[in-house]
> 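Pasting in a structure now, in C-alpha cells, and then I'll have a few things to ask.
Just so we're clear, the structure is a prediction, and the values are computed from it rather than from any experiment. Just so it is clear: chains get the letters A, B, ... in the order the sequence lines come, proteins before strands, and each one is counted from 1.
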Amino acid sequence: MRGKTVKAKEITRIEGHLDLEVIISEDKVRAKAMAREGTRILEKVLIGRDYWEIPEIASRMCGVCNAIHKVTAVMAIENALGIEPSPDIQLIRELIVIGGHIQSHILHLFYFVLPDYLGTSSIINNIMRNNLEIVRDAMRVKKWANELVERFGGRAVHPVTPVVGGLSKLPTREDVLKVLKKLKDVKNVANRLVECLLERSFLDFPAEKNFVSLRESNDVPLLRGFVSICGENVVSENYLSYVKCVIEEYSTAPHFVLRTNESFMVGALARLNHNHENLTELVKELCARYNIGFPNQAVFANNQAQALEIMHFIEKAEEILTRFAEKNSIGAYSRSVEGKQIGIAVTEAPRGLLIHQYGINEEGKITLANIITPTAQNLKSIERRTEDLVKEFLTKGIDIENLRKEIEKLVRSYDPCLSCAARFKKIQQ
Amino acid sequence: MRTFRIGIYCLSSCEGCVVQILNLEEKILELLNYAEIVDCRVLGIQKNEKVDVALVEGFVSNDEEEEKLRKIREKAEILIALGDCACSGGRFLIKDFNNSGIRADPIDKIVKVNYYLWGCPIDKEEFLHLLKDVLHGKKPREVSKTVCSECILYERECLLDKGILCLGPITRGGCHALCIQNGRNCFGCRGLSDDANIEAFIEILREKGITPPEYLFKMMELRRYERENR
C-alpha cells in the first residue's frame, strides 16, 4: 500500500464536516485533519456588540454542546465585569450543563459510535429493526437530559435562562421534584444502556501520551478547578500560556500543541484520567466489573469514559437536585469582586476543555473575543494517532476500504465537533 | 400508504436544528412508519437518491456549499429551510447586516424554497406539524402573527414599558414567546413578521426612552431594498 493516499471524505456520524487524508509513502505515514466546515467566524461578529448579547450568539457555536458554550460565555463576561453569582446559581448552571453533557454523550455513543460495533452504518433504519430496545433506551435517557435542560434552562437547544449576573428565571419546586422523580427510573435505563456499550471491546491502540482537563480534589469538575496538563496542575486562567496554536493551510480550524510541540487529548478520557478517584461508587463498581482502569492511554477508551460519565453525571444531578428538594428557597444573589481587563472562563465541554475570553470596554461593548474549542485542541492528536493506527494496520495487512473504516472509527472516538472548531475563511499566507 | 423519502442536509450551521429533530425521540420512530430517512450525514445515511422532502439547515458560505445546495434542490420534490440560518442567513440572530464581510446567504437566494421553519433553533413540534402537513399533501398554515401577540396571552408586564428592548412587536410569532416566558427579552430569532413596521417600532422605543439599536436602521434599509428588488 506504500505510495497510496487514503481519503476519508466528509466523515459521517460526527458533528460538522471533516475530511481526513493519510499519505502513505515509502518511509513514513502523514495524516492531515482537514476541517471543511464553512466559515461562520462567530468571534468576528461578536466584536462591538453589547456584552449581554454575547452568550446568545456564542451558544450558536454548536447545536450539540450549546449549553456549555452559553454558560462559559456568561462566566467569562462575569469574570471581566467582576461578578460572582451565588453558589445556588452556580449549581443550577451546572445542572443545565450536566443535562447538555448527557444529551451529547448519548448522541455520540449510541447514534454515532454504536453502529460501528453492531456492523451497520446507522442507528436509524437499520439498528432499529434489530435492536429497538437500545434505541428506545437511548431516547429515554436523552429525553430526560433534555427535560433537565428545558426545566432549568428554558429550552433544550440553546437554553435561555443563563444570563450575566445569574439566571433570568429560577426553577420552581415542581421543576426540581419532577426531574428528580423521573431520574430514579432513568438511572436504571441508563445503567442498562451504558453496560451495553461497556461490554463491547475496543482497540487498545493507538495511545495518546498527553492529557489535559480540569481537575479538582473531590469532583469531576465541569465549571471550575485547576487545569491538569499531564498531571501537573496550573491555574486555569494561565492555561493558554502552556499551549501553542498552529495554523495549517489545509484546515479551516486552528490546531493546538503543547509547548513541547507534542499533541494532546482533551475530553472524557482526559477528565477521568485526572479525576477517576472522584467517580461515584456505582461508577467505580462498573469500572471494576468491566475491568476498566484509569489512567488509560488508549484513544478508543474515550468511548468507555463517556459511558461512565453518563452514569456519574446522572448521580451528580441526583445529588444536586436532592439538595434543592430539601431546601425551601434558592439563594439568587451575586457578589461583586475585582474585574479583569480580559475576562476568561475555562470549562469542560462534552468533548473537552473549552476556553472563552472577552475584553469589554467602558460602554459595555466587546473589544476582544477568543474561543478555543476542545476539537481544535484535539486535531493534532487526531492526526498523530491516525498515523500510529495506519502504521499498525499496515504491519498487520489490511485492504484500503477497511483501513478507511478503521480511520473513521478512530476519528469518531474523539467525538469531534467541527461546527465548534472551524474558524477561518481563507488562511492568510 | 407509500413511504416518503426524507433527506436532511447541513450547510454552514451549528446543527442545532437537526439536534432538535432528533430530540423528537420516540416521535421519530412513529414518523419512520411512514417515512424513510435516505440522506443524513450525521446519522450515517448517504444513499444519494431522489427525495420527496429535503430539510436544509444552515446558510451558504462558499461556492462549494452553493453547488451542494443546487444538487439537493435538483433531487428534491419539496425543500424546507430549517432555522434562522437557512431562512435568513442567520441575519436575525446575529444581526450582523454584513459588517463582517462573511458570506452568509439565505438558501432562497440560491434555490427555490417551498416552506420555511423559522427560529433559532426550530421548534420541534412546529417541525412535526409542518412535516405531517407536507406528507399529507395539505397546505401548511402560515404563521403571520407576532411574538408580541402571543406574549399578551400570558398577561405579562410589557418589557418595553419597563424600558427594556424587546423585539416582540416586529418578530414573527409561533414560539409562544418562549424567551419572555423565561424572563428574557425577544431577540428576534424568528425574523421580521410580515407586517412589521420597523419605523413605527423605532418611534415607540424612543417614546419609552430606549435607544434604538443601530441594526434596526440597517434592517429597515435592507427591507426597503428587498421589497424594491423582488
Side-chain angles (χ1 to χ4, degrees), chain A residues 10-17 36-42 44-45 47-50 53 56-57 59-64 66 103 107 111-112 115 120-126 128 132 135-136 139-140 142-143 146 153-161 163 167-170 419-420 422 425, chain B residues 10-20 22-29 32 36-38 40-46 57-62 64-65 83-85 90 93-96 99-104 120-124 175 178-185 187 189 213-214:
Chain A
E10 282 216 19
I11 298 174
T12 59
R13 283 184 277 124
I14 59 170
E15 210 287 334
H17 303 81
R36 302 289 302 222
E37 197 67 23
T39 45
R40 300 190 299 137
I41 326 184
L42 277 175
K44 206 168 172 186
V45 176
I47 303 294
R49 304 293 295 264
D50 287 322
E53 294 177 287
E56 292 317 311
I57 304 170
S59 98
R60 269 70 180 186
M61 291 282 292
C62 177
V64 180
N66 48 77
Q103 177 268 142
L107 199 62
Y111 290 63
F112 297 174
T120 172
S121 63
S122 170
I123 186 166
I124 301 290
N125 303 345
N126 295 323
M128 263 179 42
L132 193 56
V135 179
R136 281 195 195 282
M139 286 176 167
R140 278 178 71 184
K142 191 153 85 66
K143 191 176 181 179
N146 280 332
R155 178 166 60 198
V157 175
H158 303 311
V160 294
T161 64
V163 288
L167 292 163
S168 65
K169 188 188 177 194
L170 293 175
S419 296
C420 285
K425 190 175 189 177
Chain B
C10 299
L11 304 171
S12 276
S13 64
C14 75
E15 301 195 356
C17 292
V18 174
V19 171
Q20 275 289 60
L22 297 178
N23 284 349
L24 282 164
E25 315 297 356
E26 70 275 19
K27 286 182 186 164
I28 300 177
L29 301 183
L32 290 174
E36 186 192 357
I37 299 174
V38 294
C40 180
R41 184 189 47 77
V42 185
L43 290 174
I45 310 166
Q46 285 177 309
E57 190 206 70
F59 55 69
V60 175
S61 75
N62 55 37
E64 208 176 315
E65 284 175 351
D84 186 41
C85 292
L93 180 88
I94 308 288
K95 298 191 184 64
D96 169 73
N99 283 346
S100 57
I102 303 162
R103 180 174 172 195
C120 181
I122 57 162
D123 181 278
K124 57 181 197 250
C175 58
L178 182 139
C179 291
I180 306 153
Q181 286 302 315
N182 281 287
R184 301 297 307 274
N185 45 355
F187 214 70
C189 76
E214 219 175 296

> Count the heavy-atom pairs under 4.5 Å between each of B/Val42, B/Val60, B/Val19 and chain A, then report the option with the highest count.
B/Val42
> Are the side chain of A/Arg60 and the backbone of B/Cys120 linked by a donor-acceptor contact shorter than 3.5 Å?
yes
> If you round to the nearest 0.5 Å, how far is CZ of A/Arg49 from CD1 of B/Ile94?
7.5 Å
> Which atoms form the tightest heavy-atom contact between B/Arg41 and A/Gly16, and what is the distance?
NH1-O, 2.8 Å
> To check you understand the geometry: which heavy-atom pair defines the closest contact between A/His158 and B/Pro121, and what is its length?
CD2-CD, 3.7 Å
> Above 12 or not: heavy atoms from other molecules or residues under 6.0 Å from CD of B/Glu214?
no
> Please rank A/Gly153, A/Gly63, A/Gly48, A/Ala156 by heavy-atom pairs under 4.5 Å with chain B and give me the top one.
A/Gly63
> Ignoring hydrogens, what is the shortest heavy-atom contact between A/His17 and B/Leu11? Give both atom names and the distance.
CE1-O, 4.0 Å
> For a quick test of reading the model, state the closest non-hydrogen atom pair linking A/Val157 to B/Gln20 and the distance between them.
CG2-OE1, 3.6 Å
> Using heavy-atom distances under 4.5 Å, tell me whether A/Asn66 contacts chain B through its side chain, its backbone, both, or neither.
neither
> Donor-acceptor pair, distance only, cut-off 3.5 Å: does the side chain of A/Arg155 make one with the backbone of B/Cys179?
no
> Below 4.5 Å from any heavy atom of chain A, which atoms of B/Asp123 appear? Answer side chain, backbone, both or neither.
neither
> Does any backbone or side-chain atom of B/Lys95 lie under 4.5 Å from a heavy atom of chain A? Answer side chain, backbone, both or neither.
both
> Looking at B/Leu43 and A/Arg13, what are the two nearest heavy atoms and their distance?
C-CG, 3.6 Å
> So which heavy atom on A/Met139 is nearest to which on B/Glu26, and how close?
SD-N, 3.8 Å
> Nearest 0.5 Å please: distance from the CD atom of B/Glu15 over to the CG atom of A/Leu107.
10.0 Å
> Please flag which part of B/Glu64 lies under 4.5 Å from any non-hydrogen atom of chain A: side chain, backbone, both or neither.
side chain
> When you check the gap from the basic side-chain N to the acidic O, do A/Glu56 and B/Arg184 get nearer than 4.0 Å?
yes
> When heavy-atom pairs shorter than 4.5 Å are enumerated against chain A, which of B/Asn23, B/Ile28, B/Leu24 gives the highest number?
B/Asn23
> Is chain A contacted by the side chain of B/Cys17, its backbone, both, or neither, given a heavy-atom distance below 4.5 Å?
neither
